[in-house]
Structures are given as structure tokens and as C-alpha cells.
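Structure first, commentary second.
What's counted below: heavy atoms across the whole structure, side chains too, no hydrogens, waters or symmetry copies. Chain letters run A, B, ... following the sequence lines, proteins first and then strands; every chain starts at 1.
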There are 2 protein chains.
Amino acid sequence: MNEGVEWALHSCLNLAWIGEERAVTAARLAAYHELPAPYLNKQLQALVRAGILTSVSGPRGGFRLARTLDRITLMDVVVAIEGPDEAFRCTEIIGQGPGAVTTGRPSAECAIAEAMGRAELAWRRELAARTLADVRAQAERRAPSAPDRIRRWFAAA
Amino acid sequence: MNEGVEWALHSCLNLAWIGEERAVTAARLAAYHELPAPYLNKQLQALVRAGILTSVSGPRGGFRLARTLDRITLMDVVVAIEGPDEAFRCTEIIGQGPGAVTTGRPSAECAIAEAMGRAELAWRRELAARTLADVRAQAERRAPSAPDRIRRWFAAA
DNA sequence: GAATCACTACTCGGATAGGGTGTGTCCGAGTATACATGG
DNA sequence: CCATGTATACTCGGACACACCCTATCCGAGTAGTGATTC
């Protein structure tokens with residue numbers, strides 16, 4: 001899986017903790033975790049295209065959450081970064097060669113594709129059921145001091 | 001996901017349908033779906049290392065199932081081909097930079113890693129619960145003529 | 001005629017190149033700010 | 001003193017190289033079979 005998914009999730013949570021009063025630049029979000037700033041910028045752009053973040057250029061510009069965390073699921077972020085394609089793609093080899101199945105679309109009859117798809121559906125369902133608000137709540141339970149520390153660090157110059 | 005997973009699964013089912021009386025070469029398994037033979041051979045080697053298949057060299061050599069289909073899960077095949085690493089690897093950026101969490105292992109406190117891991121666990125659980133025997137039964141329900149057709153093709157020359 | 005031995009042909013196994021996708025970087029388009037200037 | 005125009009600095013956005021892993025391929029190690037040879 002793309003490494004940018006982890007960066008995007010952390011950045012979204014950080015944006016929520018910082019607050020909505022002002023936009024945050026990609027450079028500062030990157031500095032907080034010592035990430036390569038231009039590359040994180042690229043990932044954040046993907047979130048903007050997906051409608052998860054909004055961005056403004058120029059001075060005082062940066063990124064903001066486009067909606068509240070309870071309306072952003074893990075699935076949304078994964079799809080925004082990774083793309084909508086599923087991990088297991090059935091290339092329909094069952095329809096190739098001497099043993100070709102000639103009736104209709106092969107994937108419809110392929111029990112393998114169905115079984116793999118069912119597992120992947122379980123994965124997607126789990127991701128879609130969990131919002132970033134849930135994750136934030138869990139994080140605050142584990143590290144109650146984190147939100148204030150983050151807010152203070154970003155407030156400082 | 002690695003494309004070889006699909007090839008490996010189809011090959012295992014084909015081996016089961018062919019029967020245990022003789023080993024089947026990688027070349028014939030590949031020919032049945034018009035796959036590149038040397039590359040399929042590489043994937044089958046991974047299955048041998050994982051203990052899913054057994055192999056014998058020389059004339060009359062080839063591959064055989066190491067155990068019955070009801071003792072081979074989709075998870076076994078995926079791990080054999082893809083490796084044991086999980087798709088979402090937490091690089092623990094939460095422990096880097098100014099906002100570093102200093103107490104203990106960061107991943108233990110990272111709610112993001114936990115949430116992503118939970119989703120991936122659901123995926124693995126689904127794969128581990130489904131054996132190749134289940135998949136074969138489903139395939140035979142959908143295409144009752146397939147087993148006989150496969151057996152006949154591999155029996156010919 | 002039967003056993004033994006060397007040879008051959010065949011198959012797996014690991015080591016070796018090529019391509020595509022992620023990874024990382026750079027510079028240009030656009031904008032709010034600040035300042036100088038004129039009324 | 002206030003309004004206006006301009007220059008400036010800053011940020012996002014997309015276009016540009018690099019690297020790694022998957023894909024694909026090849027040749028060598030090992031073995032069962034086959035035939036000739038010998039007793």
C-alpha cells in the first residue's frame with residue numbers, strides 16, 4: 001500500500017486538532033513529522049481532488065478540512081490516495097487458453113475472483129465504517145496530552 | 001497485489017481436478033491458461049517453499065498438492081506469494097520530528113495504525129476462513145462441466 | 001536372458017535483465033499582503 | 001489622512017527525474033528413464 005496513506009491520515013488528524021481558524025501549509029505539516037514537504041504536498045493535493053480538504057494559494061494560504069472528521073472515513077482517504085482499483089484484480093485467465101470458458105463474462109463464473117472479492121469487501125467495509133472522528137477519539141483516550149501539544153506546536157511561529 | 005496470486009490459485013484448483021496420480025509440469029499448467037511458463041514456475045516454487053505443493057525433478061516430474069484442498073486456505077496462498085508483510089505498514093512517523101511521542105513504542109499508541117490494522121485483520125480473517133475446497137465446491141456449482149473438461153485436457157498428450 | 005552401467009532427455013531451482021508504478025523533486029501560476037505614491 | 005496602484009513574497013498545482021519491486025527470462029543442478037554392454 002502507498003505510504004502516503006499514513007501521511008494523509010496523520011495530516012488530517014493534525015488539521016482537526018489545530019482547528020479551523022486558519023489554513024496550514026504543507027511545509028509545516030511535513031515538518032511536524034520530518035516528511036519531504038513537496039511529496040506530502042502532492043498527497044494533500046489528492047485529498048483536495050477527493051473533496052476531503054480545501055486549499056488556498058498565496059500568503060496565509062494552505063490546507064483546511066473540507067468537512068468535519070465524522071464525515072470522513074478511512075475508506076475516503078485510502079481511495080483518494082490509492083485510487084479506486086481493488087488490490088486483487090482478476091485478469092480473467094480462466095477465459096484464456098484451451099480451457100477457456102466461453103459462456104458470458106468469465107469473472108462472473110470465477111469462484112476465485114468471488115472469494116477474493118468477498119475478502120476485500122470485508123476490508124473495505126471495515127474502513128468505510130470507521131470515521132476519522134472515531135480514530136481521533138481513540139487517539140485522545142490513549143494520549144490525552146497530544147491535542148494540546150500539537151495545537152501549541154503549530155501555533156508557535 | 002501480486003498477479004501471481006491469481007495464477008497460483010487457479011493452478012492449485014487445476015491440480016486438484018487433475019488428480020494425485022501423477023505430477024504436472026509447470027509448462028502444462030501454464031499452457032492451459034497461456035501464461036509465461038518460466039514465471040509461473042517461479043510462483044509454484046514459492047508454493048513449494050510454503051509447503052503447499054511438492055515438486056520432483058527429472059522426467060515424470062512436476063508439481064503435486066502437498067495436502068488436500070480443505071487444508072489449504074486462501075490466506076496460505078496469499079502469504080506464500082505476497083509474503084507475510086501486511087499491506088499497511090506503519091512507518092511510525094508519529095515518533096519522528098518535533099511531535100515525537102517519547103514514551104514506549106509509538107505504534108502501540110498510534111490509533112491510525114490500530115484502525116488500519118483492524119481492517120486488514122478482517123481481510124485476513126476472511127481469507128483464512130475460506131479453504132480451496134470451498135472455492136472448488138463453488139466453482140463446480142457454477143460450472144459442473146469444468147472438472148471433467150480440465151481432467152481430459154491434461155490427460156491428453 | 002538378466003543385470004549393470006553410462007548416457008540422454010527432461011524438469012525443477014535459482015540467478016539474471018527489463019518495465020511500470022510509486023517516490024522524491026523542481027519550477028511556474030495565482031493571490032493576499034505590504035508599501036509607496038498621489039489626491 | 002485616505003485611496004489606489006504596484007511590487008513582492010508566499011503557497012498551491014502540475015510537470016519532471018530517480019529508484020525499487022514486479023514481471024519476464026535464461027541456464028545450471030539433479031533425476032528418472034533408456035539403451036548398450038557384459039556376464
Could you check how far [atom1] of [X] sits from [atom2] of [N], rounded to whole Å?
X     : N      : atom1 : atom2 : answer
B:R60 : D:dG33 : CZ    : C1'   : 10 Å
A:I81 : C:dT23 : CD1   : C1'   : 13 Å
A:M1  : D:dC22 : CE    : P     : 15 Å
A:L29 : D:dT11 : CG    : C1'   : 13 Å
A:E82 : C:dT21 : CD    : C1'   : 11 Å
B:R28 : C:dC12 : CZ    : P     : 12 Å
A:L53 : D:dC12 : CG    : C1'   : 13 Å
B:Q45 : C:dA15 : CD    : P     : 10 Å

Any side-chain heavy-atom pair of [X] and [Y] under 4.5 Å:
X     : Y     : result
A:L44 : A:L29 : yes
B:L47 : B:I81 : yes
B:L53 : B:L15 : yes

Of all heavy-atom pairs between B:A113 and B:F88, which one has the smallest distance, and what is that distance?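 The pair with the smallest heavy-atom distance is CA-CE2, 4.2 Å.
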
CG/A:L65 to CZ/A:R71 distance, rounded to the nearest 0.5 angstrom?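 Here the rounded value is 13.5 Å.
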
Taking for each residue the nucleotide of DNA chain C bearing the nearest heavy atom, is the 5' side occupied by B:G58 or by A:N2?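 Looking at DNA chain C, the more 5' nearest nucleotide goes with B:G58.
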
Are A:R149 and A:W17 in a cation-pi contact, defined as NZ or CZ under 6.0 Å from the six-membered ring centre and within 45° of the axis?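 Output no; distance or angle outside limits.
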
When you check the side-chain N and O atoms of A:S11 and A:N14, is any donor under 3.5 Å from an acceptor?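 No donor-acceptor contact under 3.5 Å links the two side chains.
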
By nearest atom, which of the nucleotides C:dG13, D:dT23, D:dG33 is closest to the B:E3 side chain?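 Looking only at side-chain atoms, B:E3 lies closest to D:dT23.
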
Is there a residue in residues 5-27 of chain B whose heavy atoms reach under 4.0 Å of DNA chain D, and which residues are they?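 Within this stretch, B:W7 sit under 4.0 Å of the strand.
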
Can you pull out the residues from residues 35-42 of chain A that lie within a 4.0 Å heavy-atom distance of DNA chain D?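 Result for residues 35-42 of chain A: A:N41, A:K42, sorted by number.
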
Does [N] have its OP1 or OP2 closer than 4.0 Å to a side-chain nitrogen or oxygen of [X]?
X     : N      : value
B:R49 : C:dG14 : yes
B:S55 : C:dT11 : no
B:S57 : C:dC10 : no

Result of checking B:R124, B:E126, B:R125 against B:M75 for side chain to side chain contact (heavy atoms under 4.5 Å, CB included):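 In the set B:R124, B:E126, B:R125, the residue that makes a side chain to side chain contact (heavy atoms under 4.5 Å, CB included) with B:M75 is B:R124.
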
Please say which of B:H10, B:R142, B:E6 ends up in a side chain to side chain contact (heavy atoms under 4.5 Å, CB included) with A:C110.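 Exactly one option meets the side chain to side chain contact (heavy atoms under 4.5 Å, CB included) with A:C110, and it is B:H10.
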
